[in-house]
Amino acid sequence: MNSLNIFIIFGVTGDLANRKIFPAINALLKRNELPKNTFVIGCGRGDKKANTFKNLDEKISKNSEYIKVDTSNLDDFKILKKKLNSLKSKSKADKINLISYLSTPPQSYDDIIINIIKSEINKEVFGYSRIVIEKPFGQNLNSAKKLNKLLKTGFNENQIFRIDHYLGKETVQNILVSRYSNLVFNALWNREHISYVEITAAESIGIKKRGEYYDKSGALKDMIQNHLLELLSLIAMNDPKENSPDSIRDEKVNVLKSIKKVDYKNNIVRGQYIKSKGRKGEQYNSYRSSEGVSNNSKTETYFACKLFIENERWKDIPFFIRTGKRMPTKVTEIVINFKKNKTIFSDNDQSNMLIFRLQPDEGLLVKFNLKKPGKKNQLINKNLEFHYKNLSNEFNTNSYETLLLDIFNGDTMLFSRSDFVEMAWKIVDPISDEIEKDNIKLYGYKSGTWGPKIADNLFRNENTWRYPCKNLVNDGEICEL
Ligand code: BG6
């Protein structure tokens with residue numbers, strides 16, 4: 001069957017379209033993975049500019065069209081609909097598939113969704129009609145529920161693709177595969193054998209020019225509510241019934257449902273970067289002096305917490321989660337810390353660690369003990385390591401390419417389902433409320449450090465965070481960054 005695939009981008013002149021969506025379309029085209037007969041329609045508020053599609057491969061851009069759309073004006077959507085009908089009648093395709101990608105600021109989502117539905121662009125008459133939205137999915141539980149409700153007035157859940165770009169990362173997709181296809185890991189995946197889990201998403205950059213957005217969100221809403229809870233749910237979920245989007249997404253939601261209310265007095269640390277000098281003498285401005293940020297802002301640029309999952313698998317096992325801007329290096333990793341093995345050989349063995357390095361130097365690292373040569377009773381702890389970069393140059397780290405292809409294929413596995421989004425807000429909202437009430441302290445920290453030192457106290461025993469370096473195998477507070 002021959003189909004015409006129309007990719008409508010609302011907000012086509014914006015940063016997201018040019019930096020992520022166009023390059024992903026180009027890459028799919030180059031790899032011959034873009035469905036044949038794909039046609040791009042760009043919608044924007046302004047008059048047509050000659051260079052709107054300059055970042056799109058010429059094979060696609062030469063047929064692309066721009067339509068001026070005021071998102072609150074239904075008449076403009078009717079014009080868009082007419083255009084779709086005329087494309088349908090001109091083409092000999094039996095099917096006409098539509099993807100409406102909302103690449104606009106979230107304030108426009110409601111208008112666009114309402115008008116897409118009113119002009120019946122959502123109707124699956126001649127083929128599929130899918131809608132794509134980017135985070136943030138609401139600002140809290142209430143607004144997320146409203147957004148979901150609105151979407152569901154015109155779309156079924158399997159037509160809705162909520163993008164969390166972390167799920168498109170190759171190494172994030174690998175979490176489940178590595179866990180479930182290796183008995184040496186999977187057999188130990190519970191409270192009997194695992195002592196604690198750390199999830200770190202550190203960034204060396206500050207907030208750049210995103211002050212206006214960021215100051216209203218902070219690290220909690222910007223990173224924890226979405227990316228880090230997604231990672232947590234993949235690491236902690238119980239066995240899905242089958243390898244299907246819904247079985248996996250069901251189990252992810254179950255993890256969130258089992259998270260115990262976070263003890264905000266003892267188990268949360270918030271920080272904000274202050275004016276400081278880097279290790280090489282470079283000057284860093286403070287968060288408060290950034291464009292768009294209020295000069296007495298209490299928004300956190302660092303957030304760490306300890307939380308517990310109340311189920312059979314994880315009862316009493318702490319999960320330590322942290323994210324921050326202006327950290328010493330950009331690194332995202334998950335560390336599974338195993339319990340100590342009681343051994344007759346030595347009492348100074350270190351516990352095993354399994355590290356999923358999501359970025360950079362993507363790979364896996366296992367720390368294990370072995371006998372120190374020449375010594376009867378001494379052990380040494382060494383690394384077993386795998387780096388994706390050694391595998392082949394087919395390793396594709398671009399999440400937008402993966403996600404776009406899945407949207408074309410209708411595979412919802414790597415997208416956030418409505419109940420997940422709402423559960424995530426249910427976890428985050430009570431914390432935001434305490435922040436609003438000024439009940440959770442905010443500590444300053446210097447750029448290039450791992451955030452407020454007090455975050456080490458979340459452990460309350462001899463353990464502490466792993467301080468990762470840029471390269472997977474090294475760690476320590478001071479290393480090549
Ligand atoms: C975005 C956040 O969702 O993720 C940003 O809004 C953050 O603040 C970014 O910088 C991090 O993504 P990545 O892929 O660079 O780890």
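No hydrogens, no waters, no symmetry mates; every other heavy atom, side chains included, goes into these values. Numbers here simply count residues along the sequence, with the first being 1. All ligand and atom numbering here is 1-based and tracks the order in the structure.
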Enquirer: Please tell me whether Ser244 and Asp246 have a donor and an acceptor in their side chains that are separated by less than 3.5 angstrom.
Expert: no
Enquirer: Side-chain donor-acceptor pairs under 3.5 Å in residues 229-236, sequence neighbours left out?
Expert:
from, atom 1, to, atom 2, distance (Å)
Glu230, OE1, Lys252, NZ, 2.6
Glu230, OE2, Ser416, OG, 2.9
Ser233, OG, Leu229, O, 3.3
Ser233, OG, Glu230, O, 2.8

Enquirer: Using the test ring-ring contact (aromatic ring centres under 6.0 Å, His included), find all partners of Phe22 that sit at least two apart in sequence or belong to another chain.
Expert: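 Result, ring-ring contact (aromatic ring centres under 6.0 Å, His included) vs Phe22: none returned.
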Enquirer: Please report whether the ring centroid of Phe7 lies less than 6.0 Å from that of Phe39.
Expert: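 No.
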Enquirer: Which pairs of N or O atoms, one from ligand 1 and one from the protein, are separated by less than 3.5 Å, and what is the distance for each pair?
Expert:
from, atom 1, to, atom 2, distance (Å)
ligand 1, 3 (O), Lys135, NZ, 2.6
ligand 1, 3 (O), His227, NE2, 2.6
ligand 1, 4 (O), His227, NE2, 3.4
ligand 1, 6 (O), Lys135, NZ, 2.9
ligand 1, 6 (O), Arg210, NH2, 2.8
ligand 1, 6 (O), Asp222, OD1, 2.6
ligand 1, 6 (O), Asp222, OD2, 3.4
ligand 1, 8 (O), Arg210, NH1, 2.8
ligand 1, 8 (O), Asp222, OD2, 2.6
ligand 1, 8 (O), Lys325, NZ, 2.7
ligand 1, 10 (O), Glu203, OE1, 3.2
ligand 1, 10 (O), Glu203, OE2, 2.5
ligand 1, 10 (O), Lys325, NZ, 3.1
ligand 1, 12 (O), His165, NE2, 3.1
ligand 1, 14 (O), His165, NE2, 2.8
ligand 1, 14 (O), Lys169, NZ, 2.6
ligand 1, 15 (O), Lys330, NZ, 2.7
ligand 1, 16 (O), Tyr166, OH, 2.7
ligand 1, 16 (O), Lys330, NZ, 3.0
ligand 1, 16 (O), Gln359, NE2, 2.7

Enquirer: Could you work out, with ring-ring contact (aromatic ring centres under 6.0 Å, His included) as the rule, every residue matching Phe303, not counting sequence neighbours?
Expert: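 By the ring-ring contact (aromatic ring centres under 6.0 Å, His included) rule, Phe303 matches no residue at all.
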Enquirer: Is there side-chain contact between Ile117 and Ile113, with at least one heavy-atom pair below 4.5 Å?
Expert: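 Ile117 reaches Ile113 side chain to side chain.
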